[in-house]
There are 2 protein chains.
Amino acid sequence: MSPTKEDYLKILFELGGRTEQVPNKEIANRLGISPPTVTEMMNSLVKAGWVVYTPYKGSKLTPKGTEYAKKLIRKHRLWEVFLVKHLGFDINKVHPEAELLEHSTSTVLADKLETYLNFPEYCPHGGAIPVDSMEAQEVKTLHLPEVEVDTPVKISRIVDDEKLLQYFRNHDLNIGDSIIVTSRDISLDLMTVHHISSKETIQISQTIAQYLFVEIISS
Amino acid sequence: MSPTKEDYLKILFELGGRTEQVPNKEIANRLGISPPTVTEMMNSLVKAGWVVYTPYKGSKLTPKGTEYAKKLIRKHRLWEVFLVKHLGFDINKVHPEAELLEHSTSTVLADKLETYLNFPEYCPHGGAIPVDSMEAQEVKTLHLPEVEVDTPVKISRIVDDEKLLQYFRNHDLNIGDSIIVTSRDISLDLMTVHHISSKETIQISQTIAQYLFVEIISS
DNA sequence: TATAATTATTAGGGTATCCTAAATTTATTA
DNA sequence: TAATAAATTTAGGATACCCTAATAATTATA
Ligand SMILES: [Mn+2]
Ligand SMILES: [Mn+2]
Ligand SMILES: [Mn+2]
Ligand SMILES: [Mn+2]
């Protein structure tokens, strides 16, 4: 498998290709390539048994493709943990590094790295690290805009993109923080959040808040 | 730069391309590809300023090509140190892993890794790790067959190839060991070595012994 | 339901890597 | 030095990935 094909499988997984048909356009957008290239690649991935593709509709991962994608995500996130916890990388900077390393990582290496890191369950952005032969079990999380007003929640995951991470950091919203949504204005795409420990009041875009996952604090 | 081109530069460096013209055949052999492919690639590397190529004679690295190759060797060897010292890999198994990782390593990552490893000077096979803006300073070593009989020497480096490493390990010759060449039979391509600490007498091929580097023990 | 907008596929190319077979050049050696 | 052997290059192809322009299918909208 080439790094290129591996990235296609991973993106497909991230866009919900385990259960739903992912349209070519989304893949093209995410990878920054042209739609015809996606069509071509899908045919190639179908031939190798990684995906099921319905022309004009989109593609889904086969069980084999799903397994492969999970292994890649595991490698990616293990490297992120290493880069942040051992090498001192900034959380916002590890993604592109892991995006490359994941393709140069044998199973043996991933296993040893996992042991070395003491079997971490989450990457620095809060994404669950899939465990071999087990379903990737993300903790039951909600997208921030789905949370009821006045319900205390804890930020458990931020979609791993440098710009998004910077946006949330600029608004003092980091993984582990406890917050409460105090109000929401759908027409203005704005929501107001109360940061519990700092007592700050923060206003963020509701559209962007989709990329913030939270879990309800059971207290 | 693609991983493919990077490997060409590195091989060129390893085959002495800093100072001498390396024939295409040697590169083809080492990379396991056909000679026409090498010719083609050399033209491409010349166009980009990495090598100087004389048709029918061979190629040399330009200063720019030499610098690039050294950076790759640095990354390769830093990873080997990490794999052996932190992840517990067998010395014989790290080369192929590092051969991939080296191409997915940014300068920032290499620098942080180097710091984390506490600025190691040698890889697990005894190869010197080039320090930025400094000549890679291999300790003054000799190939084992060049050593005078009855001179105590210490094994400082083994050319990094799984089969060679296995061969030397099978003969109980490891990095750091002190040995004495007791006799040499050129016609039979055989040399006899006395292993100081184990007191064993070892017989090895002189041709293969070329890949073993030793330094004279100044005692 | 016709028309427009969106999405996807086809057609036709381009570059990077690799290959085999044939022709050429260089090195060896009788 | 002439013939032979070895190394290299040229010719002609193949596959993987990507692209733009044109065409076709699907979806949204009036
Ligand atoms: Mn990431
Ligand atoms: Mn990637
Ligand atoms: Mn190595
Ligand atoms: Mn390599």
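Letters A, B, ... are given to chains in the order of the sequence lines, protein chains preceding strands, and every chain is numbered from 1. Only this structure's heavy atoms are used, side chains among them; waters, hydrogens and symmetry mates stay out.
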Exercise. Has K93(B) got more than 12 heavy atoms of other residues, nucleotides or ligands less than 6.0 Å from its NZ?
Worked result: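 Result for NZ/K93(B): open.
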For this session: For atom OH of Y211(A), decide whether the heavy atoms of other residues, nucleotides or ligands shown that lie under 6.0 angstrom number more than 12.
Result: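 Counting other residues, nucleotides and ligands, OH of Y211(A) stays at 12 neighbours or fewer.
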Problem set entry | Considering all heavy atoms, the nearest P124(A)-I175(A) contact |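 Closest approach of P124(A) to I175(A), heavy atoms only: O-CD1, 3.1 Å.
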Over 60° means perpendicular and under 30° means parallel, so classify the ring planes of [Y] and [X], tilted if in between.
X: H86(B); Y: Y116(A); value: perpendicular
X: F213(B); Y: H143(B); value: tilted
X: W50(B); Y: Y68(B); value: perpendicular
X: H125(B); Y: H95(B); value: perpendicular

For this session: Sugar-phosphate means primed atoms, P, OP1 and OP2; the rest is base. With that split, encode nucleotides 2-8 of chain C 5' to 3' as B, S or - using protein heavy atoms under 4.0 Å.
Result: -----SS
For this session: Hey, which sits more toward the 5' end of DNA chain C by its nearest nucleotide, E40(A) or N43(A)?
Result: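 Nearest nucleotide further toward 5': that of N43(A).
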Exercise. Between K47(A) (NZ) and dC17(D) (P), how many Å, whole number?
Worked result: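 Roughly 12 Å, once rounded to whole Å.
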Exercise. Taking only N and O in the side chain of S34(B), is any of them less than 4.0 Å away from OP1 or OP2 of dC19(C)?
Worked result: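 Answer yes for this pair, as a side-chain N or O of S34(B) is under 4.0 Å from OP1 or OP2.
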Exercise. Is any side-chain N or O of S2(A) closer than 4.0 Å to OP1 or OP2 of dA16(D)?
Worked result: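 No, outside the criterion.
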For this session: Report yes if some heavy atom in the side chain of L144(B) is under 4.5 Å from a heavy atom in the side chain of I204(B); otherwise report no.
Result: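 Contact flag for L144(B)/I204(B) side chains = yes.
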Exercise. Among all residues two or more places apart in sequence or in another chain, which pass the side chain to side chain donor-acceptor pair (under 3.5 Å) test with H171(A)?
Worked result: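 H171(A): no side chain to side chain donor-acceptor pair (under 3.5 Å) contacts found.
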For this session: Identify, with sequence neighbours excluded, every residue that meets side chain to side chain donor-acceptor pair (under 3.5 Å) alongside N170(A).
Result: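 N170(A) satisfies side chain to side chain donor-acceptor pair (under 3.5 Å) with Q166(A) once adjacent residues are dropped.
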Exercise. Listed in order of residue number, which residues of residues 3-11 of chain A have a non-hydrogen atom at under 4.0 Å from DNA chain C?
Worked result: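 Of all residues in residues 3-11 of chain A, none places a heavy atom under 4.0 Å from DNA chain C.
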Exercise. Which comes earlier along DNA chain D counting from the 5' end, the contact point of V38(B) or that of G32(A), where each point is its nearest nucleotide?
Worked result: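 The answer here is V38(B).
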For this session: Note every stem involving DNA chain D: at least three consecutive Watson-Crick or G-U wobble pairs, i with j then i+1 with j-1, with both distances under 3.5 Å.
Result: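 Ordered by first number, the stems with DNA chain D (at least 3 consecutive pairs each) read C:1-30 with D:1-30.
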For this session: Could you name each residue pair satisfying salt bridge (charged side-chain N to carboxylate O under 4.0 Å, His left out) that touches residues 38-64 of chain B, not counting sequence neighbours?
Result: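 Pairs touching residues 38-64 of chain B that pass the test: none.
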